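Protein chains get the first letters and strands the later ones, always in sequence-line order, with residue 1 at the start of each. Quantities reported herein were computed from a predicted structural model and do not represent experimental measurements.
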Amino acid sequence: MYNHQKIEKKWAEKWVKDKTFTPDLEKAKDPYYALFMFPYPSAEGLHIGNFYAFTCVDVMAKYKKLQGKDVFEPIGFDAFGIHSENYALKINETPRKMLNRTIANFRNQLSSAGLGCDWTREVDTTDPEYYKWTQWIFTKLFEKGLAYQKEALLNWCPGCKTVLADEQIENGVCERCKTAPEKKIMKQWFFRITAYAQRLLDGLETMDWSDITKHAQRNWIGRSEGASVKFQISNSKLQTPQHRCATTGQANSKSEISNFKYEIEVFTTRPDTLFGATYFVMSPEHPLVEKITSPEQKKEVEKYIKKTGAKSDLERAEAKEKTGVFTGAHAINPVNNEKIPVWIADYVLMGYGTGAIMAVPAHDERDFEFAEKYNLPIRQVVAGKTQKHKNTKTQKHCLIIHGSPRCDKSKDTDYTPDNIKHWLGWLKKRLENNNYKVYNPQMPTPWEPDYQEWKKQIDKLDINENSVIVGHSAGGAFAVRWLSENKKKIDKLILIAAGKTITDDNKRLHNFYDFKINQNIKNRVNKIIIFVSEDEKKYRIASAKLYQKELGGELRILKDRGHFTVTANPINKEFPELLEEILKDKCFVGDGININSDFLNGLETEQAKEKMIKWLEENELGKGTVNYKLRDWCISRQRYWGPPVPIVYCNKCGVQAVPEKDLPVELPEMEKGWEPVGDGRGPLAKVNKFIKTVCPKCGGSAEREPDVMDNFLDSAWYYFRYVSPRDNKNIFDKKLSKKWLPVDLYVGGNEHAVLHLMYTRFIAMALHDLGLTDFDNPFKKFRANGMILKDGKKMSKSKGNVVNPEEYGAKVGYDALKTYLLFLGPLNEDRSFSDSGVQGAKRWMERIDRLEEKINNNYEDDKKIIKKLHQTIKAVTDDFEEQKYNTAVARLMKLTNSLSVEKNISGQTWEKFLILVAPFAPALAEELWSSFAKATDDKAERFKQSIFKAKWPKHNPKLIKDDIINLVIQINGKLRDTIETPINISEKEAQKIALESDKIKKWTNGKKIIKVIFVKGKLINIVIK
RNA sequence: GCAGGUGUGGUGAAAUUGGUAUACACGCUUGGCUUAGGACCAAGUGGAGCAAUCUGUGCGGGUUCGAGUCCCGCCACCUGCACCA
């Protein structure tokens, strides 16, 4: 009987006692460092997601051990930090007391779960012996100028009462307490991670990490190439001519320019559009705003700053309309010396670039939106390339649907075929001038247009998001009907005196185009404009209003209808202009050819960029630059539960790092008053005994920095410490680290992509540059695991669907639980945990257990079984190499099924089988291994030792090969028969056999064989006609 | 909006990389063993059809003797990032 509780407990204890998974780091010859993501000992115990990641590492570690490697699987606790502290606050206990309990609980859980942890090298980040080195890293970075203090606009979390790093804001809220952070200007400590931006980016190229992780890091670093341009800003009220012609206008006189007082740099990715910069915008938080604002605008500006300051980033991003105010100041566009107004607006972020931009409304959507709202000038400087240069994807299309000509049947002679032709010609020309490709399919029947016939033509056309549909009269109704009946997205829909249709409340205007208007059209069309004229027939006006009611969009009622029918010139005066306005791109952000740009005219975007950069550099007005989104890592936390920043402020000597001999700066154990205060300083600020100290340089009285360091620093270097956790002279043992580092395999959730994993890479690079290591990628192989869902849904406490590993460990056993988790699916994808599924894994354990009865040492296995065994060895081994644990388990299950129908199983097969199973179900495998020792008496010493001392089996290629196969016979690529043949059957023979088959004859009978395709050892395909 | 990913039975998912679609498991159906079973054993299980056979990997095209796999065009969902100049 399989008693998982008994055997799992027994082996977990025995492994620790026998040091089965405790390698001798000094003597090890073939090291393999398998690392679990540093767990923080939460009071809720081990989370299934972490447990899964641990399992992925552990299974590989066990496999590697069986392959003869010296495997190191250390464990420790990331016990400092806001997460632990917040929980302690919640339960009103000191973090220390709470952790004593939760760590014990964690240790207990982890050790009973059958993971091969080396408990002799446990580390705890809250141990002064550990954080001494965390602080030491700080001081080293400080020496190198990589740790520095600055005043900056920071994310202040009112929930956690501390500043946070940018990386710790997720979806606009605090990663820990989900509060929206406020923006505050504060002086804090930073790590200069931006100094490594390019290296962090370049390193990704060659790293064997999950693509999604690398991708997330790439995005976060956010490299963009462009130029920085210097603008002179003035708050004086000098009168200078506005908006001179860029090409011919004279420069402002020297004297005028010299009165400008400030120089502000902007970053742009589009230096080629510099001639189109018609205004200048600064972030409301920009430090110079106050100085440049004119007295007249002061009130407005201050009001605006106050208003936006109160908004969180999240609120700002969600704001539908851009807002801003004029500062009264002007900037000089360096390329043409134009005087352009300086605004402040919160769509310009202080945190990116320089916090100021040149606005090019014609070629940037945000600037355009802003310019339109505040009536700022828009100047086009890039033209879309001519049709020849355009590819089909960006080619704009226009579909004109004209109305039904009334011919001579009606006295309404406006709608004669000739007039329509004339009107179409005019419209077509207009559109083509605007770079549209025009379609105008014929209406099949002139007087009673047949929608279905017409639709057939339209469906063939390439109508897409760039397309405009102009529908005139009946054509308008057709357009709306066509859009109602499909899901196409288009750019603009223009209805001109559109045909009649039924109303929403069934008031029938006309049943000619009887259909239901799909309200959803408005979501699929960027702009809807409905034209009708005052002098149209009443029903047409009614119908236009109806369309507007149903579709939304703008309704333009024009004065006269000349433009619709074009019986004679002149065409209605309003319409051409309006049409022109509508057809123009709201702003063109793509590449094209420069116009209105002096020396850039005629150049394509790429060349224009290059030339502009060259020009800026020659004139010392700017230069080509690379900008990164990545910002420096703010590591100060106004909290208690972390390693104190090892800095001393001396009135005489200034800011001093605590020297190595004085480290660690111990965190005082506090029973009371350790709660965060929220006044911008950590609670340690009030602890005089801690704060008051002496200057390490002059010995005079000094004060300590009261803040502690970000928890992510603790975990950014822990893998170093594992190799020599008790070394009190060095951060790590150089010899051992050289041997064991970097880590061979690391698995964890991708939520750490830009946090832990980015910081760790940075610290690794910094330590490398300090000459401490010879590598700068900490983890040779990293795999991001998918999320474990419960029955298809995210697990959460509120839903009550949290899977607790301990519970399942007790119910079905950790062997079964771990196996099930791995079996669920590929490790990078999300998969769904189900209770009945985990039972299946347990049944497998029981089936394995029952096989034991069949072992017969005097038995020799059937060839078939040996073949299956060897095929499985190969497949499982291959799967391990690719970390396809799910299929490895499936293969072992299959082998189990094959074995369970046998009456006898030989000892040799059993031995190999157990080793294959051991990484997944270590306790069961050990148990059966040790009881096999009894069965074999003392013939084999090895069974008395742990199974993990055994050797992973090797497959024998000769035994795997099939000599008989099922040859697949296809007719025209479809399976019609399979026939057993020797594997090396020749094409001729195969063809003969195939054609003799009754099943095949049935198909070939009376048909002509055109071709025969033969794939050796696989199939024969007969092509017939 | 941008980027990345995914789409195959009732469910989780396989598919040797262009060659028998649905391995393995869950669930379900039927039968056996049982006082009983949420245990075990046996058989079955994509859909339609009595059958031969047809059909079937999100949808529509294409390449090919042959497409889940490759190409083009859509659709849906998920995950990041998001006013990034």
Side-chain angles (χ1 to χ4, degrees), chain A residues 170-172 211-216 218-220 222-224 226 266-270 273 277 281 313 316-319 322 345-349 351-360 363-367 369-370 393 462 464 486-489 627-630 750-751 753-754 786-787 789 791-792 819-820 823-826 828-841 843-844 846-847 850 875 878 884 886-897 900 966-978 1002 1010-1015 1018-1024:
Chain A
E170 283 174 358
N171 298 319
D211 284 340
I212 37 163
T213 313
K214 294 205 274 187
H215 180 251
R218 225 169 258 133
N219 271 350
W220 189 259
R223 180 194 155 101
S224 46
V266 301
F267 173 75
T268 175
T269 54
R270 294 292 301 269
T273 62
V281 193
D313 276 359
R316 284 194 199 185
E318 277 169 0
K322 301 208 183 325
D346 66 1
Y347 81 91
V348 173
L349 309 173
Y352 184 76
T354 60
I357 60 155
M358 61 176 217
V360 185
H363 305 289
D364 180 287
E365 282 182 32
R366 294 154 300 172
D367 296 342
E369 199 188 310
F370 192 78
K393 222 175 172 181
D462 180 20
N464 56 42
N486 63 36
K487 286 180 177 173
K488 288 268 189 185
K489 282 185 184 172
N627 197 49
Y628 300 91
K629 212 174 79 177
L630 183 72
N750 203 46
E751 66 271 17
V754 297
M787 240 192 315
L789 311 169
D791 304 319
T819 302
Y820 175 63
F823 178 62
L824 262 175
N828 58 321
E829 278 168 37
D830 292 353
R831 59 228 101 79
S832 193
F833 187 100
S834 82
D835 286 351
S836 52
V838 77
Q839 281 299 332
R843 260 176 248 161
W844 182 45
E846 288 168 344
R847 287 211 309 277
R850 264 184 266 127
D878 290 348
K884 289 163 80 178
N886 54 333
T887 49
V889 173
R891 275 162 173 144
L892 288 169
M893 284 176 171
K894 204 172 177 178
L895 181 60
T896 310
N897 293 348
S900 62
N966 278 324
L967 184 76
V968 170
I969 306 172
Q970 295 179 333
I971 301 284
N972 291 346
K974 277 185 182 161
L975 176 77
R976 296 302 177 195
D977 199 8
T978 59
K1002 218 167 69 191
I1010 302 171
K1011 205 173 174 185
V1012 175
I1013 282 129
F1014 179 70
V1015 181
K1018 237 170 211 165
L1019 63 81
I1020 183 161
N1021 184 15
I1022 299 161
V1023 186
I1024 58 164

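The separation between A:Leu895 atom CG and B:A25 atom P is 12 Å, rounded to whole Å. Distance CH2 (A:Trp844) to C1' (B:A25): 11 Å, rounded to an integer number of Å. When rounded to the nearest whole Å, the span between CZ of A:Arg218 and P of B:G5 equals 12 Å. In this structure, CD1 of A:Ile212 is placed 11 Å from P of B:U6, rounded to the nearest angstrom. Between the P atom of B:U64 and the NZ atom of A:Lys974 lies a distance of 18 Å, rounded to the nearest Å. Atom P of nucleotide B:A25 and atom CG of A:Leu892 are separated by 12 Å, given to the nearest angstrom. Computed from coordinates, the A:Tyr820 OH to B:U11 C1' distance equals 10 Å when rounded to whole Å. Between the CD1 atom of A:Ile969 and the P atom of B:G66 there is a distance of 19 Å, given to the nearest Å.
The two residues A:Asp830 and A:Met787 have their closest heavy-atom pair at OD1-N, 2.7 Å. Among all heavy-atom pairs drawn from A:Met358 and A:Asp367, the shortest one is O-OD2, 4.0 Å. Smallest separation of non-hydrogen atoms from A:Leu349 and A:Asp346: CD2-O, 4.1 Å. A:Thr896 approaches A:Arg847 most closely through the heavy-atom pair CG2-CB, 4.2 Å.
Checked by distance alone, A:Asn1021 brings a side-chain donor or acceptor within 3.5 Å of a matching partner on the base of B:C65. Remark: the A:Glu365 side chain and the B:G1 base include no donor-acceptor N/O pair separated by less than 3.5 Å.
Base orientation of B:G9: syn, the glycosidic angle falling within 90° of 0. With a glycosidic angle no further than 90° from 0, B:U17 counts as syn.
Distances from the side chain of A:Glu846 to the nucleotides B:A14, B:C24, B:C40 place B:C40 closest. The nucleotide whose nearest atom lies closest to any side-chain atom of A:Leu349 is, among B:C83, B:A25, B:G27, B:C83. Closest to the A:His215 side chain, of the nucleotides B:G4, B:G19, B:A14, is B:G4. Here the nucleotide nearest the side chain of A:Ala890, chosen from B:G19, B:A85, B:C24, is B:C24. Relative to the side chain of A:Arg831, the nucleotides B:G4, B:A15, B:G12 differ in distance, and B:G12 lies closest. When distances run from any side-chain atom of A:Trp220 to the nucleotides B:G12, B:G80, B:C81, the shortest one goes to B:C81. Of the candidates B:A85, B:G19, B:U20, B:U20 carries the atom nearest the A:Asn966 side chain, counting heavy atoms from C-beta on. Listed nucleotides: B:C65, B:G19, B:G27. Nearest to the side chain of A:Ser836: B:G27. Candidate nucleotides B:U20, B:C65, B:A14 were compared by shortest atom distance to the side chain of A:Thr887, and B:A14 ranks first. Side-chain atoms of A:Asn897 lie closest to B:A25 of the nucleotides B:A13, B:A25, B:U20.
Each of A:Asp364 and A:Asn886 lies near RNA chain B, and the nucleotide nearest A:Asn886 is the one positioned closer to the 5' end. A residue-by-residue look at A:Thr978 and A:Tyr347 shows that A:Thr978 has its nearest nucleotide of RNA chain B further toward the 5' end.
A:Val968 comes within contact range of at least one nucleobase, with a heavy-atom separation under 4.0 Å. Among the atoms of the strands shown, only primed sugar atoms or phosphate atoms (P, OP1, OP2) are found under 4.0 Å from some heavy atom of A:Arg843. A:Gly222 comes within 4.0 angstrom of nothing in the nucleic acid, heavy atoms only. Residue A:Val1012 is out of contact with every strand shown, counting any heavy-atom pair closer than 4.0 Å. Across all strands, A:Asp211 comes closer than 4.0 Å to no nucleic acid atom at all (heavy-atom distances). A:Lys884 comes within contact range of the sugar-phosphate backbone alone, with a heavy-atom separation under 4.0 Å but no base atom that close. Across all strands shown, A:Lys629 has heavy atoms under 4.0 Å from base atoms, whether or not it also approaches the sugar-phosphate. Counting any heavy atom pair closer than 4.0 Å across all strands shown, A:Leu824 reaches sugar-phosphate atoms only and no base atom. Heavy atoms of A:Arg891 sit nowhere under 4.0 angstrom from any nucleic acid atom. Within the nucleic acid shown, A:Asn828 has no heavy atom closer than 4.0 Å to any nucleic acid atom. Residue-level contact check: A:Arg223 touches neither bases nor backbone, having no heavy atom under 4.0 Å from any strand.
The backbone N or O of A:Ile1024 lies less than 3.5 Å from a partner atom in the side chain of A:Asn972, making a donor-acceptor pair. A side-chain donor-acceptor contact under 3.5 Å links A:Tyr820 to the backbone of A:Ser834.
In this structure, B:G44 forms a base pair with B:C28, meeting either the Watson-Crick or the G-U wobble geometry with both donor-acceptor distances under 3.5 Å. For B:C2, the paired nucleotide is B:G80, the pair qualifying as Watson-Crick or G-U wobble because both relevant distances are below 3.5 Å. In this entry B:G37 has no Watson-Crick or G-U wobble partner, no candidate having both defining distances under 3.5 Å. Across every strand in view, B:C65 sits in a pair with B:G19 that passes the Watson-Crick or G-U test at under 3.5 angstrom.
Checked by atom type, the side-chain pair A:Asn627/A:Ser224 shows no donor-acceptor distance below 3.5 Å.
Separation of the P atoms belonging to B:U64 and B:C54 is 24 Å when rounded to the nearest angstrom. Nucleotides B:G9 and B:U29, compared at atom C1', are 16 Å apart to the nearest Å. Rounded to the nearest Å, the gap between the C1' atom of B:A67 and that of B:G56 is 14 Å. When the C1' atom is used for both B:G73 and B:U22, the distance is 28 Å, rounded to whole Å. The separation of B:A15 from B:U8, taken at their C1' atoms, amounts to 10 Å, rounded to a whole angstrom. Across the C1' atoms, B:U55 and B:A21 are found 13 Å apart, a figure rounded to whole Å. Rounded to whole Å, the P atom of B:G27 lies 39 Å from the corresponding atom of B:C75. Of the P atoms belonging to B:A14 and B:G7, the separation is 9 Å, rounded to the nearest Å.
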### Task
Please assess A:Thr819 against A:Trp844 for the test side-chain hydrogen bond (donor to acceptor under 3.5 Å, both in side chains), listing each intermediate value before the final yes or no.
CA-CA 10 Å; A:Thr819 302; A:Trp844 182 45; over 6 Å; no

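Under the 4.5 Å side-chain criterion, counting only non-hydrogen atoms from C-beta, A:Lys1011 is not in contact with A:Asn1021.
Between A:Tyr347 and A:Phe370, the angle of the ring planes lies from 30° to 60°, which puts this pair in the tilted group.
Contact check, A:Lys894 against B:A23: no side-chain N or O comes under 4.0 Å of OP1 or OP2. For B:C41, one of the phosphate oxygens OP1 or OP2 lies less than 4.0 angstrom from a side-chain nitrogen or oxygen of A:Arg850. At the phosphate of B:G27, neither OP1 nor OP2 sits under 4.0 Å from any side-chain N or O atom of A:Ser834. A:Asn219 has no side-chain polar atom (N or O) that falls below the 4.0 Å cut-off from OP1 or OP2 of B:A82.
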